[in-house]
Amino acid sequence: MTQTAVLNQLYPAFTVSTAQLRLMIESFRRDMIAGLTGKPASLAMLPSGLTKPAGQETGAFLALDFGGTNVRAFLIELQGNGRHALLKRRDAPLVDPAGLYNYAAATATAEELFNFLAAQAAALSESNRDYCLGFTFSFPFKLYDAANAVLLYWTKEIATSGVAGKNVAALLRDALTRQGMDNIRPAAIVNDTVSTLIAAAYRDAAADIGSICGTGHNTCYLEPGALNCHGQPTYLNIESGNFDQAPANAYDRLLDRNSERPGAGRLEKGCSGRYIGELLRLVLLDLSHQGLLPPLPAGGPPPYALTGKDLALLLEDATPDLQGISHWLSELGGADGGYPGRAALKTAAALISRRSARLATATYVAILHHIDPGLTRRHVIAIDGSLYEKLPGYAAAIAETLAELLGQSAENVSCRLSKDGSGLGAAVAAATTLGSAAFTPRRL
Ligand code: BGC
């Protein structure tokens with residue numbers, strides 16, 4: 001197949017027009033309302049119980065952040081006036097690069113995973129001091145009270161046994177007890193979108209939407225109509241990655257069929273770092289199959305071997321003859337069939353990345369239409385995650401798409417990187433629950 005024929009196939013497959021985005025905005029809004037009113041919907045709209053921080057919270061707090069790739073622990077001092085100091089930090093991968101452990105696989109147990117999580121927090125603490133901990137748990141959970149929540153299902157291809165359907169806050173407490181760390185008290189459990197937003201709102205009251213464009217994808221917002229028991233508007237975790245009406249192509253359908261949960265997480269599978277590398281792999285195999293690239297040894301890289309980092313590498317290759325991509329192909333063990341194949345790969349990476357940013361932006365616009373239809377006030381969308389922070393052109397594509405969809409009103413909306421917001425936000429969330437009866441405890 002010629003390069004032109006391949007591009008004629010890739011462009012329509014991965015391009016989402018303005019008209020398609022507008023349709024998506026409407027269906028996303030309808031699904032939000034359905035989720036809010038308890039009707040069947042792909043959007044879970046999960047209450048967080050938490051309201052806007054005052055920005056004046058103070059004290060030292062532990063924060064534990066469990067996403068899909070790394071576990072991060074922080075000791076943070078909140079200083080009030082929206083200020084904080086990071087006192088200690090520790091990062092550990094969920095899957096050991098040397099192959100010594102894999103806490104994300106079905107072979108790992110809940111106890112092993114939570115022992116590992118507790119050990120990260122314990123490593124930052126002293127045994128003769130008491131700590132209050134905010135736990136960012138970046139998965140869909142149903143909250144029962146400030147520190148009790150049940151994992152609904154795993155996402156991002158995590159498959160650790162014995163966790164889905166369990167009280168994950170209790171699993172953490174038990175693991176801390178096993179390690180003799182009863183001096184660490186988990187006080188709040190928060191989704192990462194919510195902690196990212198709380199971190200931004202601690203500094204700027206206009207922050208009312210929080211999103212992750214990283215290994216996973218999801219967004220939360222401050223819902224004026226969802227009140228906690230003090231009558232305050234609360235943050236809702238939309239679980240937007242589960243939205244099921246985004247445009248999809250043959251590569252998306254193939255990826256979905258072979259995933260841990262076929263049919264679920266459809267938007268996330270078109271959008272997030274866990275999956276866009278896999279989409280690139282499927283295109284790579286296709287290009288090889290169609291003869292634009294030479295056959296790949298052993299059938300090419302295994303499923304999920306490519307990540308957002310590979311897309312970044314292809315996008316960053318600015319050499320006239322795409323030498324970086326040639327080197328990348330040889331590292332995969334493949335021969336380099338010539339410039340047309342390399343150029344097609346670079347185009348595929350650009351198309352996949354741009355589509356991801358555009359789909360995410362459509363959901364932001366739907367939320368903005370819901371909370372402020374006339375866009376009469378200022379909104380800050382706090383975003384964290386490796387795609388937003390590191391993928392070349394990604395943040396710019398979100399800003400451009402906002403302007404395309406909102407016109408002049410886009411001036412009232414700004415996107416802001418909330419780097420490591422999930423750590424700071426978990427600390428602030430723990431602080432806001434102190435001495436407050438913001439949650440009505442229910443039996444599990
Ligand atoms: C999870 C969300 C999370 C997002 C970003 C998704 O897979 O379902 O709860 O917020 O990833 O980490």
Side-chain angles (χ1 to χ4, degrees), residues 35 41-48 50 63-72 94 104 117 134-143 149-160 163-165 168-169 189-200 209-221 235-244 246 255-256 259-278 304 307-308 356-357 359-360 363-364 367 381-391 394 417-423 425-426 429:
S42 66
L43 301 178
M45 312 297 286
L46 300 167
S48 69
L50 294 161
L64 189 61
D65 178 8
F66 170 43
T69 315
N70 292 305
V71 179
R72 296 178 302 177
L94 204 55
L117 296 182
F135 182 24
T136 292
F137 185 69
S138 310
F139 298 91
F141 58 79
K142 185 165 175 355
L143 192 79
V150 165
L151 171 64
L152 297 177
Y153 48 82
W154 280 128
T155 55
K156 297 177 269 207
E157 306 299 297
I158 308 272
T160 319
V163 189
V168 284
I189 175 160
V190 230
N191 182 262
D192 53 351
T193 55
V194 176
S195 45
T196 295
L197 178 49
I198 290 183
I209 298 179
S211 186
I212 301 291
C213 297
T215 307
H217 174 65
N218 184 20
T219 301
C220 73
Y221 72 106
Y235 298 117
L236 291 189
N237 164 17
I238 299 178
E239 280 300 321
S240 61
N242 199 45
F243 181 62
D244 59 2
L255 180 151
D256 180 51
S259 65
E260 280 279 342
R261 299 175 63 241
R266 296 302 293 267
L267 177 64
E268 180 163 84
K269 286 172 182 165
C271 243
S272 82
R274 187 75 177 100
Y275 298 100
I276 59 175
E278 180 62 4
Y304 294 98
T307 66
S356 158
L359 294 177
T363 69
Y364 303 159
I367 299 164
I381 307 178
I383 311 179
D384 198 8
S386 50
L387 304 191
Y388 188 73
E389 189 194 348
K390 297 185 185 143
L391 203 56
Y394 198 89
L417 176 68
S418 183
K419 185 146 170 59
D420 294 335
S422 43

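Whatever order the structure lists ligands and atoms in, that order sets their numbers, starting from 1. Start at 1 with the first residue, then count along the sequence.
- Classified by interplanar angle (parallel below 30°, tilted 30° to 60°, perpendicular above 60°), the ring pair His217/Tyr364 is tilted.
- Per-residue contacts place Phe139 under 4.0 angstrom from the following atoms of ligand 1 (heavy atoms of the residue considered): 9 (O).
- Under 4.0 angstrom from ligand 1, there are no non-hydrogen atoms of Asn242.
- A 4.5 Å side-chain heavy-atom check between Lys156 and Thr69 finds every atom pair outside the cut-off.
- In this structure, Trp154 and Phe66 have perpendicular ring planes: the angle between them is above 60°, well past the 30° mark.
- Distance CD1/Ile212 to CD1/Ile383: 9.5 Å, rounded to 0.5 Å.
- In this structure, Lys142 contributes its side chain and Gly165 its backbone to no donor-acceptor pair below 3.5 Å.
- Between Thr193 and ligand 1, no pair of N/O atoms sits closer than 3.5 Å.
- Between Tyr388 and Tyr394, the angle of the ring planes goes over 60°, which puts this pair in the perpendicular group of the 30/60° scheme.
- The residue from Lys269, Glu268, Arg274 that puts a heavy atom closest to atom 6 (C) of ligand 1 is Glu268.
- Looking from atom 5 (C) of ligand 1 to the surrounding protein, the closest heavy atom is Asp192 OD2, 3.2 Å.
- Of the possible polar contacts, none joining the Asp256 side chain to the Pro262 backbone as a donor-acceptor pair under 3.5 Å is found.
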Might you work through the side-chain contact (heavy atoms from CB on, under 4.5 Å) test for Ile276 and Leu391, ending with a clear yes or no? CA-CA 11 Å; Ile276 59 175; Leu391 203 56; 4.1 Å; yes

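- Residue contact check for ligand 1: Gly241 places no non-hydrogen atom closer than 4.0 Å to it.
- Nearest-heavy-atom check against atom 4 (C) of ligand 1 across Leu151, Thr215, Asn218 picks out Asn218.
- Taking every heavy atom of Thr155 and a limit of under 4.0 angstrom, the matching atoms of ligand 1 come to 1 (C), 6 (C), 7 (O), 8 (O).
- Nearest protein neighbour of atom 9 (O) of ligand 1, counting heavy atoms only, is Glu239 OE2, 2.5 Å.
- Counting the atoms of ligand 1 from 1 in the order shown, those under 4.0 Å from a heavy atom of Pro140 are 8 (O), 9 (O).
- In terms of polar-atom proximity, Asn237 is not counted as a contact of ligand 1, lacking any N or O under 3.5 Å from an N or O of the ligand.
- Closest to atom 11 (O) of ligand 1, if we only count protein heavy atoms, is Lys156 NZ, 3.1 Å.
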